[in-house]
Amino acid sequence: MKTAMVLGLAGALMMLCGDMALYYSPDDYGNDGTLEPIINIMKKLGRRRLYIGGLLGPFAAFVYCLGYYHIPLMTDEKHLLLGQVCFLVNCLGIIGGGAYHSHCANLGLIPRHGSAEDKEEVLRYLGVQKNAFFIPQAAGFIVLAVLVAAGWTVLPRWYFLLTPGVLMLLLPLMRKLPKGLHMVVCGGWTNMISVIYYAAALISVSV
């Protein structure tokens with residue numbers, strides 16, 4: 001179980017590094033409800049950096065999946081089926097997330113050569129892709145929170161507050177962070193929540 005948690009932490013950190021490779025900038029970015037501020041950063045970055053950032057997505061998703069196997073391992077026998085379903089649903093969600101992450105590299109590449117119509121087409125596809133995999137990922141996070149809160153795992157019940165689905169609710173607060181910290185924490189929050197969860201879970205099972 002600890003090994004799976006370590007792998008989950010590694011996957012989260014790997015995807016977080018992929019986020020920063022794709023669009024980290026010391027100048028930060030503004031939240032206007034669109035991807036344009038991030039695109040404006042990405043189109044100025046070196047191609048090699050965008051390639052590496054995009055390619056980290058599928059590799060990180062694979063390691064994430066290995067990490068999610070901790071869910072059935074830490075679930076009590078009576079609710080093992082629910083833990084196994086939670087594992088599979090989370091895997092589906094993160095596989096989609098890894099593909100989305102990989103395709104995001106195009107947002108920094110196409111504006112250099114393509115037309116505005118090309119960029120809009122890519123944005124439309126990314127929107128469809130994001131919506132298609134948001135549901136299984138959200139469902140997986142909710143079931144994980146329920147498993148922990150109900151006391152059906154080896155984690156203390158209050159640890160449900162540190163599960164990814166609950167931590168994601170703090171995103172509006174992260175958007176208020178000052179420049180610099182905002183870029184890293186808010187910009188990488190979708191993976192930072194898993195870093196926090198796995199780090200806390202490892203501490204819990206190690207004491």
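Since this is a predicted model, take the numbers as computed values, not measurements.
A chain of hydrophobic side-chain contacts below 4.5 Å, direct or via other Ile, Leu, Val, Met, Phe, Trp or Tyr residues, connects L144 to V154. A chain of hydrophobic side-chain contacts below 4.5 Å, direct or via other Ile, Leu, Val, Met, Phe, Trp or Tyr residues, connects L9 to Y68. At a threshold of 4.5 Å between side-chain heavy atoms, the hydrophobic network of Ile, Leu, Val, Met, Phe, Trp and Tyr places I196 and L170 in one connected group. Hydrophobic clustering keeps L7 apart from L16 (ILVMFWY residues linked when any side-chain heavy atoms are closer than 4.5 Å, directly or through intermediates). Under a hydrophobic-cluster definition in which Ile, Leu, Val, Met, Phe, Trp and Tyr are linked whenever side-chain heavy atoms come within less than 4.5 Å, directly or via other members, L56 and Y51 are assigned to different clusters.
Interatomic distance, NZ of K176 versus CG of L171, reported as 11.0 Å (0.5 Å rounding).
In this structure, the side chain of T163 engages the main chain of F160 through a donor-acceptor pair within 3.5 Å. In this structure, S206 contributes its side chain and L202 its backbone to a donor-acceptor pair below 3.5 Å. Of the possible donor and acceptor atoms, none in the side chain of N106 sits under 3.5 Å from a partner among the backbone N and O of L109. Side-chain N or O atoms of D28 include one that pairs as donor or acceptor with a backbone N or O of M183 at under 3.5 Å. A donor-acceptor pair under 3.5 Å is formed between the side chain of W189 and the backbone N or O of L167. T75 places a side-chain N or O within 3.5 Å of a backbone atom of I71 that can act as its donor or acceptor partner. Between the side chain of Q129 and the backbone N or O of G96, no donor-acceptor pair lies under 3.5 Å.
Between Y64 and N191, the side chains place a donor N or O and an acceptor N or O closer than 3.5 Å (distance only, hydrogens not considered).
Ring pair Y100/F133: centre-to-centre distance not below 6.0 Å.
The 12-atom threshold is exceeded at OH of Y159, counting heavy atoms of other residues, nucleotides or ligands nearer than 6.0 Å. Crowding of L173 atom CG: a count of heavy atoms from other residues, nucleotides or ligands under 6.0 Å exceeding 12.
A pairwise comparison of heavy atoms in G30 and P37 identifies O-CG, 3.2 Å as the closest pair. Residues L66 and A4 come closest through the heavy atom pair O-CB, 3.9 Å. Of all heavy-atom pairs between F87 and P72, the closest is CB-CD, 3.7 Å. Taking each heavy atom of C65 and I94 in turn, the nearest pair found is SG-CG2, 3.6 Å.
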Handout entry: H70 vs Y197, ring-ring contact (aromatic ring centres under 6.0 Å, His included): CA-CA, chis, key distance, verdict
Key = CA-CA 12 Å; H70 83 281; Y197 166 74; 5.6 Å; yes
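Only one option out of I38, I41, N40 pairs with S25 in a side-chain contact (heavy atoms from CB on, under 4.5 Å); it is I41.
The aromatic rings of H182 and Y29 sit tilted relative to each other, their planes meeting at an angle between 30° and 60°. The aromatic rings of Y125 and H103 sit tilted relative to each other, their planes meeting at an angle between 30° and 60°.
Looking at I39 and Y23, their side chains never come closer than 4.5 Å, going by heavy atoms from C-beta outward.
No salt bridge links R124 with E117; every basic N to acidic carboxylate O contact stays at or beyond 4.0 Å.
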